[in-house]
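The next block holds one structure in the form of structure tokens; read it before the comments.
Chain letters run A, B, ... following the sequence lines, proteins first and then strands; every chain starts at 1.
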Amino acid sequence: MRHWLLKSEPDTFSFEDLKERPGRTEPWNGVRNYQVRNYMRDEMEPGDLGFFYHSSCPEPGIPGVIKIVSAARPDPHAFDPKSDYYDPKSDPENPRWLLVDVAWRADFTRFVPLTELREHPELSELLILRRGNRLSITPLELADFRFLCRLGGVDPKKL
DNA sequence: GCCAACGTTGGC
DNA sequence: GCCAACGTTGGC
């Protein structure tokens with residue numbers, strides 16, 4: 001099993017929004033970066049755990065834990081000319097863009113802000129903390145996953 | 001294949 | 001709003 005960090009702008013789609021979806025599950029659509037697509041296609045598996053991360057907002061940080069609940073499948077928005085995510089170069093016979101279904105798994109007992117992540121030398125390898133990293137999905141080492149769970153007041157053994 | 005121009009991301 | 005970083009595009 002691998003672990004992940006998924007970024008979203010809360011004005012667009014927040015952790016709270018995810019909890020309000022039917023089945024507390026949402027298709028993670030709109031990925032238009034090849035490296036992130038390849039993560040979903042080649043490395044993600046149903047059952048993988050990860051974190052929701054709020055970006056581009058007054059207080060960036062992690063509100064809780066999510067779970068990947070589907071394999072990668074074509075992102076239908078890529079074929080919809082009315083969608084902001086429309087890509088005329090994506091051929092339905094050979095879809096360029098993929099998504100996975102993401103489900104709420106657990107709330108943190110307290111929000112863990114980005115400023116706090118930067119204070120922990122244990123987390124210095126976190127891709128999200130590296131300068132210039134803009135990938136909307138990044139892999140996490142197991143040790144980092146566990147460390148972050150504990151920062152958020154969640155026991156990783158109970159997930 | 002190179003690379004300059006441009007667009008986007010995201011913290012501050 | 002600023003700016004650093006990086007991906008994409010397109011001319012050559």
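- Heavy atoms of A/Arg118 sit under 4.0 angstrom from primed sugar atoms or phosphate atoms, though from no base atom.
- With sequence neighbours left out, the side chain to side chain donor-acceptor pair (under 3.5 Å) criterion links A/Arg24 to no other residue.
- Summarising the geometry, atom CG belonging to A/Leu151 is positioned 8.5 Å from atom CZ belonging to A/Phe51; distances are rounded to the nearest 0.5 Å.
- To the nearest 0.5 angstrom, A/Thr138 atom OG1 is 8.0 Å from A/Leu6 atom CG.
- Interface limits on DNA chain C: the 5'-most and 3'-most nucleotides within less than 4.0 Å of chain A heavy atoms are C/dA4 to C/dT9.
- When side chains are defined from C-beta on, A/Asp144 counts as touching A/Leu123, because their heavy atoms get closer than 4.5 Å.
- A donor atom on one side chain and an acceptor atom on the other are found under 3.5 Å apart for A/Tyr34 and A/Arg96.
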